[in-house]
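Some notes on the structure that comes next.
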Amino acid sequence: MTQTTLKGSCLCGAVKYEVTGEPQRFLHCHCSRCRKATGTGHASNLFLQPGVLTWLSGEEQVRAYKVPEAKRFTNSFCGTCGSRLPRARDPDTVMIPSGSLDDDAPIKPQARIFSGSRASWSCGGDGLPTYPESAPQ
Ligand SMILES: [Zn+2]
Ligand SMILES: [Zn+2]
């Protein structure tokens, strides 16, 4: 994959960001944590690796909530409007909640994961590969 630069922002516009890196994965996650954090049937997350996240404005508004018992599930969001925001994790991976992007995503969703936790009303049926838990590496 080629290097790409994407811009995004939150609902109130206070937080703006830019991410640069190589798009690797784009996954719909149906796990219960993603459902709670998004208020929807699944999260749609784009992963850049290597990736670099730069806050262009509003970094002081960015809040993070880590689920205490989770290994790494952290919800990053705008403290004013509550919109989900990207997060740098591991050494060099950036996870972007795709709905926060102002640019079009450079790749299409590849799979649905944690279908074992899928809500009965959640959308689906688009023929994407589906995994009961995390996607195979
Ligand atoms: Zn905001
Ligand atoms: Zn999830």
Side-chain angles (χ1 to χ4, degrees):
M1 253 297 166
T2 48
Q3 186 90 352
T4 188
T5 297
L6 301 165
K7 283 193 164 74
S9 57
C10 66
L11 184 59
C12 76
V15 182
K16 292 184 176 19
Y17 68 86
E18 185 177 274
V19 288
T20 299
E22 293 183 34
Q24 303 285 357
R25 296 188 142 199
F26 191 169
L27 302 170
H28 295 309
C29 183
H30 291 262
C31 83
S32 58
R33 288 168 180 162
C34 284
R35 282 195 277 120
K36 296 285 184 193
T38 60
T40 62
H42 59 79
S44 299
N45 293 324
L46 175 65
F47 295 85
L48 267 56
Q49 187 189 33
V52 176
L53 169 62
T54 307
W55 301 111
L56 301 177
S57 70
E59 184 175 359
E60 72 286 350
Q61 298 279 329
V62 180
R63 303 281 181 274
Y65 171 75
K66 182 183 172 296
V67 176
E69 65 273 22
K71 210 187 327 176
R72 61 182 182 184
F73 191 100
T74 301
N75 193 30
S76 170
F77 58 97
C78 171
T80 298
C81 69
S83 302
R84 290 198 101 189
L85 291 166
R87 193 166 72 79
R89 75 176 205 193
D90 301 326
D92 62 348
T93 303
V94 179
M95 191 204 87
I96 305 153
S98 314
S100 70
L101 287 170
D102 292 316
D103 293 321
D104 192 19
I107 57 175
K108 297 280 181 247
Q110 298 152 333
R112 294 180 177 276
I113 60 171
F114 287 92
S115 65
S117 305
R118 181 180 174 277
S120 63
W121 45 263
S122 182
C123 63
D126 49 16
L128 287 174
T130 297
Y131 304 98
E133 291 185 353
S134 55
Q137 292 304 305

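Note that the coordinates shown come from a computational prediction; the quantities given were computed from them, not determined experimentally. Both ligands and their constituent atoms are indexed starting at 1 by order of listing.
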I need the protein N, O or S atoms closer than 2.8 Å to the Zn ion (ligand 1), given as residue plus atom name.
C10 SG, C12 SG, C78 SG, C81 SG

Would you sort out whether Q3 and E22 count as a side chain to side chain contact (heavy atoms under 4.5 Å, CB included), showing the intermediate values?
CA-CA 5 Å; Q3 186 90 352; E22 293 183 34; 3.9 Å; yes

Which protein N, O or S atoms does the Zn ion (ligand 2) have within a distance shorter than 2.8 Å?
C29 SG, C31 SG, C34 SG

Within a strict 4.5 Å, meaning less than it, do heavy atoms of the L128 and Q110 side chains meet?
no

Are L46 and L48 close enough that some pair of their side-chain heavy atoms sits under 4.5 Å apart?
yes

Backbone N/O of G51 and side chain of T93: donor-acceptor pair under 3.5 Å
no

Is a donor on one side and an acceptor on the other found under 3.5 Å between the side chain of S100 and the backbone of P97?
yes

Hey, are the side chains of R35 and F114 touching, using non-hydrogen atoms and a 4.5 Å cut-off?
no

Which heavy atom of C12 sits nearest a heavy atom of C78, and at what distance?
SG-SG, 3.9 Å

Taking side chain as C-beta onward, heavy atoms only, is R112 less than 4.5 Å from D126?
yes

So, R72 and D90, do they make that salt bridge, N to O below 4.0 Å?
yes

